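Everything quoted here is computed from the prediction, not taken from an experiment.
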Amino acid sequence: MRAVDAGVEGARPVVGLDYLLEKLDGAIAVLAGTRDFAKPAKMAMVLDTARRVMMRDGGCAAIEERAMDLEEAGVFQGSDWATPQILVPDFTIHAFQSPSADTVVVESLSELRLLAVARGQYHHPLITAEEARDFLTRVLVVNISHLFSPPSEVERITQGRLALLSRRVLRYLADQLGYQYVIEMLVKEIWRILQQRPIQVDSVKSMITRIAVSQADPTIDLGNGALGVDRLVTSLFGPTQASREDPGIEIYHMRLKTMDLNSLRNEAIGFARAMHDTGLVSPYHPVLIRHLLSGPDNLIPDALGLSSTGRDCLLCYRDLVYALIDEAVYPETPQAVYGLTLMLERGILYQHPVAPALWRQLGLNLSERSCRRLTSALGDDVPPRVRLLEGVLCILGLPLGVGQGNNPTCQSARALSMWAYNDPDYLLQMVAWAARDDEIIMHFEGKALSSRGVVGLEESALPADLDPVSLLLVPHLDWIYTEMMLLCEDREGDPHRWVNPEFHGWWSGRGFKINVDVETGNLRDLEDFLRHFYAFYHPLYNGNQPLIHPQPAGIAATDSAGRFVGWHAITILRVALDPHAVMRVYFYNPNNDSGQDWGDGLIVDTAGNGERFGEASLPFEQFASRLYIFHLDPLEHGELGSVTQEELERVVAYVHRSWGMGRVPPGGPEGDGSSEESVI
Amino acid sequence: MEKDPNKGYIALLGWSLNAVEAAELFDRRYVVVAPDWAEEYCKKHDIPYILWNFERLNERSVEIAEMLKEMGVDVAIPLFEETVEWAGAINSVLLGNPRLFSQSILMRDKSLMKRRAQLGGIRVGIFEEAQDREDVIRFLIRVNQALMKLDGDPNDPVHFKPFDKAGCFGHRVIRTSEDVDTIPAEEFPALMESHLDGWEFAVEAWIHGGKIRFLNISEYVTLGYSVFVPASPELERYRPQITREIEKLIKAFDIEFGQIHPEYFISNDGAMYFGEVAYRPPGFKVFELLERVYGFNAYQASILVFDPKTSEEEIEAFFPREVVDAKGHAGCFGVYPRRRVVSRLEIPEETEDHPYFESHELTPPLEEVVTKRTAFGTHWGLLYFFGEDPTVMRDLLKRQEELDFYI
């Protein structure tokens with residue numbers, strides 16, 4: 001059974017696919033015949049051979065054919081892959097980029113298995129063909145960068161040739177499922193993310209750029225094209241009559257110079273429409289605005305697409321707004337236009353400290369360290385001062401667009417968002433301190449905490465995937481937050497009770513409820529906790545009082561199978577009836593994408609239920625079931641007694657089915673109901 | 001598998017997944033005797049298990065022997081070097097033969113082992129015991145004097161092996177006094193041997209009733225790096241002579257049953273020198289290689305020859321014919337990182353694309369800076385090969401030494 005003539009001089013012997021498949025089938029048979037406890041030892045041969053098979057032409061198809069044998073032999077046994085119905089498409093991004101070959105291979109095998117399921121060749125007991133197809137299209141969408149572009153530098157360093165494996169598999173999936181569907185999903189995905197109006201849109205922009213490139217590539221069949229592709233592509237590359245064919249900044253500028261007022265108005269309206277449609281700003285847009293600044297400036301409100309509120313605000317603060325445009329709006333910083341627009345629409349310039357604070361921002365001298373940090377993370381195509389100003393306009397315009405990046409510190413992102421939303425001049429004060437002085441001072445119960453000198457000693461370890469304002473502030477805030485937590489170390493109970501109000505602002509309620517025993521992690525006083533939550537937040541039990549200030553709260557984050565993942569910081573923004581007359585909690589989640597599946601039927605929505613840009617929402621009782629910490633004003637008394645037992649029991653059941661599993665203390669889930677100690 | 005109550009009841013000393021799997025699929029009752037870290041795994045998978053931490057033998061050692069005896073266990077099989085004297089102690093109780101314990105001590109002490117071999121008329125190199133570094137330097141000088149080296153001639157190396165380490169672990173080749181300085185104090189006492197030029201190989205022999213029942217010759221391509229089975233025809237040529245040497249060994253060490261793993265050199269003039277012998281499965285996964293070529297499970301073979309209730313017929317039916325029944329040659333290669341700083345694992349294409357390449361058990365690097373290697377036996381994982389031609393196999397294994405797997 002010699003596969004090739006290994007003795008041929010000079011020629012390096014290479015094995016054929018058939019030979020590898022013979023080996024693979026042998027290895028699968030061995031694995032299948034092995035007792036469970038010894039399977040791990042037999043897995044290496046299967047995974048390694050499967051990897052080599054998939055690297056050959058025709059290999060992915062061969063694996064797809066063997067999907068059932070592989071699964072029955074036990075390649076997925078003991079891992080999440082064994083239960084495909086709970087897999088999360090987004091996690092495949094990390095699996096495909098893992099430095100471990102086994103992880104990449106098992107993920108690939110799982111995808112090819114689902115393809116077999118989707119095509120009806122493999123009837124899987126746990127997942128239907130339709131679910132499998134949906135899953136795979138999501139996989140393609142989230143890994144779209146792998147589909148269209150070669151490995152990045154990072155991938156090449158961490159994965160080497162392995163980086164090609166996921167590309168082969170994704171290509172195969174896309175070839176089989178059809179690009180058209182993928183593009184459709186991708187476009188939907190982009191729209192879904194854009195509806196949340198994030199501040200950071202670089203990744204979205206690069207996805208759109210990739211689509212634009214592949215539209216032009218004759219080797220990729222995009223099918224008949226998808227709805228909404230053009231709107232996305234043109235919003236970046238040619239939203240108006242005069243920029244339609246993406247002529248380049250220079251030529252566009254020349255064209256503007258020869259235009260009459262009417263044509264300019266058309267351009268202005270075209271840009272504004274595209275910007276408000278997508279939240280994305282074309283680099284041509286700043287060219288127009290700067291042109292208008294030096295001439296027919298009465299068209300600027302049109303170019304920003306302002307409503308009467310924004311228009312009025314602009315007219316009241318014209319010098320300031322023009323100065324901001326002059327200083328911050330460049331083709332390299334197009335999003336500044338959108339930030340400025342929404343800031344004007346919010347009317348926050350009418351709060352007296354805001355305008356002078358922005359004047360300070362305009363003249364602010366940045367410290368060397370701040371400049372370095374901004375340049376190293378965001379590049380040096382514009383001066384750091386300009387980059388920061390763009391960031392300031394964006395955070396003031398889109399306070400719920402702040403994301404924590406790929407960093408564990410959700411509290412700081414939440415605080416920034418809350419200040420931008422509720423206390424913008426305080427945020428501007430913080431920015432000035434951090435950017436100019438490299439120091440932030442906050443007080444904890446009268447004790448001053450200064451971040452001077454303690455932050456950023458190891459700059460390379462600081463997060464870099466953040467918006468400009470977060471880049472400068474987060475390291476300081478993280479340090480101060482941790483310091484405050486340490487000051488509470490000796491106190492009994494959960495430190496958030498004291499830290500949250502001191503850290504976020506006076507409006508965080510001093511009353512505090514928690515349903516977890518800090519010592520044991522067990523549930524405690526759950527019903528009492530929920531009753532208070534209803535009585536304070538639910539308009540039907542609190543005298544129909546809308547929530548006045550955003551409140552920090554803690555949730556028990558769960559995955560799509562309802563399993564506990566970790567504690568997470570969010571902000572409760574408002575509680576109101578949605579268009580379908582369901583009482584919903586609208587909240588801010590510092591995660592970069594708030595649309596999440598929390599398991600047990602809890603799908604966090606970001607649009608379609610009355611959400612404003614950047615808000616996430618859940619029906620009240622579903623939200624309550626993931627809550628573990630909230631603040632309240634102890635002097636406000638809701639109607640504790642009117643909350644019905646059935647309502648509470650429904651929530652308790654949600655808790656017990658998800659993160660509360662295994663947390664019910666031996667003596668029963670409830671304490672004695674007395675709660676004096678949990679309110680200051 | 002259905003267990004036969006008329007056959008022996010086996011205790012496996014030490015944790016080896018492959019051994020447990022083999023026992024599970026065999027018709028003997030068995031129990032695993034292993035440290036506490038194996039408990040959870042055994043419980044989870046219903047593997048019969050007794051907790052025992054194998055430290056140095058002490059007065060409590062008899063406890064485990066009596067515990068096993070009470071359970072009706074017939075014999076204990078050592079899976080690792082560290083459990084060899086335990087098996088001796090336990091089997092001397094189970095089988096009522098105190099000499100089994102002294103035999104196991106011989107197997108554990110490399111110096112005693114050599115003396116015993118020498119007494120049995122087996123040819124060995126020059127050897128001495130070293131208590132400290134000075135002993136090593138003196139030995140190095142004396143050996144080279146004996147070889148009539150002049151000042152300035154490069155020294156002939158000597159070998160240094162801690163008394164109680166398995167296989168290649170702690171094995172150092174000493175050429176200069178600087179090499180001596182790198183030996184850590186805890187590796188003393190140790191055995192020193194003169195270097196034997198020649199062809200080194202190992203044998204795995206299964207013995208029952210004082211007779212050889214199966215004898216495999218494992219050919220080393222480069223000691224500490226690579227091995228394949230069965231050996232090439234050039235080495236198999238010596239099989240009759242090798243068999244006679246093993247018979248001498250059996251006699252010298254008074255071995256009635258079990259599986260041994262001795263190492264030899266054949267010098268250029270065809271004389272055989274004894275290196276050392278172990279009373280346990282070999283390292284480098286030779287058992288797995290044997291199963292690949294012959295199809296029998298070598299752990300089950302050991303269970304068979306250890307079990308006092310095994311019948312002659314069963315033995316005869318179990319073992320294949322040596323060499324002629326082999327389906328090909330199976331080899332493995334131990335990978336050592338060659339660079340000082342590594343960031344990831346990548347199997348070279350030329351290795352992966354070779355038709356003989358089967359699989360590997362390399363894992364991604366845990367740390368980036370590679371510790372300098374001073375002794376053999378700490379490879380980062382094995383590559384497995386299988387093919388028909390022993391010459392291709394040997395060249396292939398040799399070639400791997402020049403390739404980078406960690407870059």
Exercise for the section: Could you look at B:Asn18 and say if it's the side chain, the backbone, both or neither that has a heavy atom under 4.5 Å from chain A? Expected result: side chain
Problem - B:Ile347, part contacting chain A, at a heavy-atom distance under 4.5 Å - result: both
Exercise for the section: May I ask you to check whether B:His45 and A:Asp36 show a side-chain donor-acceptor distance below 3.5 Å? Expected result: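 Short answer, no.
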Problem - CG-CG distance between B:Leu345 and A:Leu162, expressed to the nearest 0.5 angstrom - result: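 Here the rounded value is 9.0 Å.
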Practice task
To the nearest 0.5 angstrom, please state how far the OH atom of B:Tyr384 sits from the CE atom of A:Met45.
Solution key: 11.0 Å
What is the minimum heavy-atom distance between [X] and [Y], and which atoms define it?
{"X": "B:His360", "Y": "A:Ala44", "result": "O-CB, 3.8 Å"}
{"X": "A:Arg52", "Y": "B:Glu358", "result": "NH1-O, 3.6 Å"}
{"X": "A:Ala38", "Y": "B:Tyr41", "result": "N-OH, 4.4 Å"}

Does any part of the side chain of [Y], heavy atoms only, come nearer than 4.5 Å to the side chain of [X], both counted from C-beta?
{"X": "A:Thr49", "Y": "B:Phe357", "value": "no"}
{"X": "A:Met55", "Y": "B:Glu352", "value": "no"}
{"X": "B:Lys44", "Y": "A:Phe37", "value": "no"}

Exercise for the section: Output all residues satisfying ring pair (Phe, Tyr, Trp, His ring centres under 6.0 Å) with B:Phe318, sequence neighbours left out; order by chain, then residue number. Expected result: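 Counting only residues at least two positions away or on another chain, B:Phe318 forms a ring pair (Phe, Tyr, Trp, His ring centres under 6.0 Å) with B:Phe296.
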Practice task
Check for a donor-acceptor pair, side chain of A:Arg35 on one end and backbone N or O of B:Glu24 on the other, with a separation under 3.5 Å.
Solution key: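 No, A:Arg35 side chain to B:Glu24 backbone: no donor-acceptor pair under 3.5 Å.
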Problem - More than 12 heavy atoms of other groups within 6.0 Å of A:Phe564 CZ - result: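 Result for CZ/A:Phe564: enclosed.
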Practice task
Return yes when atom CD of A:Glu519 has more than 12 non-hydrogen atoms of other residues, nucleotides or ligands closer than 6.0 Å, and no otherwise.
Solution key: no
Exercise for the section: Sort A:Ser100 into side chain, backbone, both or neither according to what part of it lies under 4.5 angstrom from a heavy atom of chain B. Expected result: both
